[in-house]
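Just below is one structure, and these are the notes that go with it.
Each chain gets a letter, A, B and so on, in the order the sequences are listed, and its residues count up from 1.
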Number of protein chains: 2
Amino acid sequence: MPLDRRSVSESTASRLSLYLRSLAVLEAEGVAHVSSQALARRFDLNSSQIRKDLATFGEFGLRGVGYGVAALRRHLVTILGLDETRRVAIVGAGRLGMALADYPGFGSGGFAITAVFDDDPARISTRTRSGVVVTDVSHLPALVAELGIEIAVLAVPARAASDAGRLCWESGIQAILNFTAARLPAPPNVHVKNVDLRVRLETLSFYIGGAFPLPGKEEPWPRGRSRSLHRRT
Amino acid sequence: MPLDRRSVSESTASRLSLYLRSLAVLEAEGVAHVSSQALARRFDLNSSQIRKDLATFGEFGLRGVGYGVAALRRHLVTILGLDETRRVAIVGAGRLGMALADYPGFGSGGFAITAVFDDDPARISTRTRSGVVVTDVSHLPALVAELGIEIAVLAVPARAASDAGRLCWESGIQAILNFTAARLPAPPNVHVKNVDLRVRLETLSFYIGGAFPLPGKEEPWPRGRSRSLHRRT
DNA sequence: CCGTGTGAAGCTGTTCACAGCT
DNA sequence: AGCTGTGAACAGCTTCACACGG
């Protein structure tokens, strides 16, 4: 019975990534088994959350014992598709794009920055610190096909975003990490994740403010429950 | 009646930021009024979502007409706390930190990058492109107090994250945008938003894969790269 | 009429609680 | 005994549908 990945929620998928990181640490420490409760403590999560997340993909645990650290880590690597190197292109060789091209998390552990593109002649042929040559974006379709690039990191100015995005999916790129402010009209088979830094900062700004005076409205107090940070394991 | 901001969900808060961006465009275009439905079309959202979000903070609409663009924009600016400039510090002057220090969205429209800190002597006294001097992190507490810095952008190596984070909140910083892989044990009055780029990329990788064969026991399943086009119902 | 504001319904993700395996 | 795996209960966010005001 196959499982459509689209039926897995994004929150579950990103927790898998967190679990993987913890398991790598535990494996390096030589820990053999870990219980959902022990893992939960590391993330301030509920332990049944972890068991449910993992149970989506199979029965990896041993009742009375917990999960085998090494085996579970291997399973998560496979589930996340990191057992073969995924090729990543950076589109936009400005400051952010170049910083991301050298970001350690992007060029290791299942990912390789395989190309960097820009349309500014002044940037073409420069190199990232790790030596990847900035290529004219007109070569993107050919290089995506030739090198088997599956993921694009979009770090172009907002006005160029939808053109650059379209070029990506028309070239066969399957997923886009979008650092621009634009929302991309991508076809449904292309997965887009927006990392809108401005929105993140404004959201933080919102929560800094004090109690908000509602003009002319009578509302019961307190409104809603305060979010408890305490979770049971 | 006052409204505790913590009772507002993060999804609502970040949508406010999106609405604000759209309203700025509409205002520049000279549009006087906009309906929740017209706004919704821009975001692929349900219109009652927008009405509910806005109604949390007051009655800004005119029945039969919609929302006044200029007035609603001003309200959102106030709600998000962007009517006075918020001072932001970058902690960590590596490539990512320096790129973020010059990121246009961080230094405008209600935010100002007021300081950049690092502990590497080789980086102290260098400047961002916009001219902010990199300062030794030992001066962070004094400068946070002196300059009224409220938000920190944490872009240090993972191993330095919790020390740097603690320094931030002990110095009076109220919100942290955390680009490190570490999870910060911040006190409850400090708002932390994790922007874990590695997790984002691994999550994308997860969704690229084809249908997932739920394993019988220990058969190695091949990584499918074919894509199902049908949406879940 | 039209579009907002809002209770009610619906849905999705989280937590509980326990049966069952080791 | 200890811990997983899972149906059931729960909570919170989203959508519906309509009363009400312009």
What are the atom names and distances for every N/O pair under 3.5 Å that joins the protein to nucleotides 7-10 of chain D?
{"from": "D:dG7", "atom 1": "O6", "to": "A:K52", "atom 2": "NZ", "distance (Å)": "2.8"}

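- The salt bridge (charged side-chain N to carboxylate O under 4.0 Å, His left out) pairs that include a residue from residues 166-192 of chain A are A:D163-A:R166, where partners are two or more places apart or lie in different chains.
- Distance check, rounded to the nearest 0.5 Å: CG of A:L76 to CZ of A:R74 gives 11.0 Å.
- Counting only residues at least two apart or in different chains, salt bridge (charged side-chain N to carboxylate O under 4.0 Å, His left out) contacts with residues 15-29 of chain A comprise A:R15-A:D53, A:R21-B:D196, A:E27-A:R73.
- Atom CG of B:D53 and atom C1' of C:dG5 are 13 Å apart (whole Å).
- A:R87 pairs in a side chain to side chain contact (heavy atoms under 4.5 Å, CB included) with only one of the listed residues (A:I113, A:I173, A:I149), which is A:I149.
- Rounding to the nearest 0.5 angstrom, the gap separating the NE2 atom in B:H191 from the CD1 atom in B:I151 is 11.5 Å.
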Show the distances under 3.5 angstrom between N or O atoms of the protein and N or O atoms of nucleotides 18-22 of chain C.
{"from": "C:dG20", "atom 1": "N3", "to": "A:R63", "atom 2": "NH1", "distance (Å)": "3.4"}
{"from": "C:dT22", "atom 1": "O4'", "to": "A:R63", "atom 2": "O", "distance (Å)": "3.2"}

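- OP1 and OP2 of C:dC2 both lie 4.0 Å or more from every side-chain N or O belonging to B:Y67.
- Heavy-atom neighbours of B:N189 CG from other residues, nucleotides or ligands within 6.0 Å: above the threshold of 12.
- Computed from C1' positions of five pairs at each end, the angle between the two local axes of the helix from C:dC1-D:dG22 to C:dT22-D:dA1 equals 0°, rounded to 10 degrees.
- From A:H75, atom NE2 reaches atom CG of A:L16 across 13.0 Å, with rounding to the nearest 0.5 Å.
- With sequence neighbours excluded, the residues that form a ring-ring contact (aromatic ring centres under 6.0 Å, His included) with B:F206 are A:F57.
- If you measure from atom CD1 of A:I50 to atom P of D:dG5, you get 12 Å, rounded to the nearest angstrom.
- Protein atom CD of A:Q49 is 15 Å distant from nucleotide atom C1' of D:dT4, rounded to whole Å.
- As rounded to whole Å, 15 Å separates atom P of C:dG3 from atom CG of B:N46.
- In this structure, B:L72 places its CG atom 11 Å from P of C:dT4, rounding to the nearest Å.
- As rounded to whole Å, 15 Å separates atom P of D:dG12 from atom CD of B:E10.
- Under the side-chain contact (heavy atoms from CB on, under 4.5 Å) criterion, A:A164 pairs with A:V91, A:L154, A:V156, sequence neighbours left out.
- With values rounded to the nearest 0.5 angstrom, B:K52 atom NZ is found 10.0 Å from B:N46 atom CG.
- The side chain to side chain donor-acceptor pair (under 3.5 Å) analysis of residues 199-213 of chain A, with sequence neighbours excluded, yields the pairs A:R198-A:E202, A:E202-B:S17, A:S205-B:R86.
- Put simply, CG on A:L45 is 12 Å from P on C:dC16, counting in whole angstrom units.
- Within a heavy-atom distance below 4.0 Å of DNA chain D, no residue of residues 18-37 of chain B is found.
- Counting non-hydrogen atoms under 4.0 angstrom, A:S9 reaches the backbone sugars and phosphates but no base.
- With sequence neighbours left out, A:F111 forms a ring-ring contact (aromatic ring centres under 6.0 Å, His included) with no residue at all.
- Counting only residues at least two apart or in different chains, salt bridge (charged side-chain N to carboxylate O under 4.0 Å, His left out) contacts with residues 30-39 of chain A are absent.
- The ring-ring contact (aromatic ring centres under 6.0 Å, His included) search around A:Y19 returns A:F43, not counting sequence neighbours.
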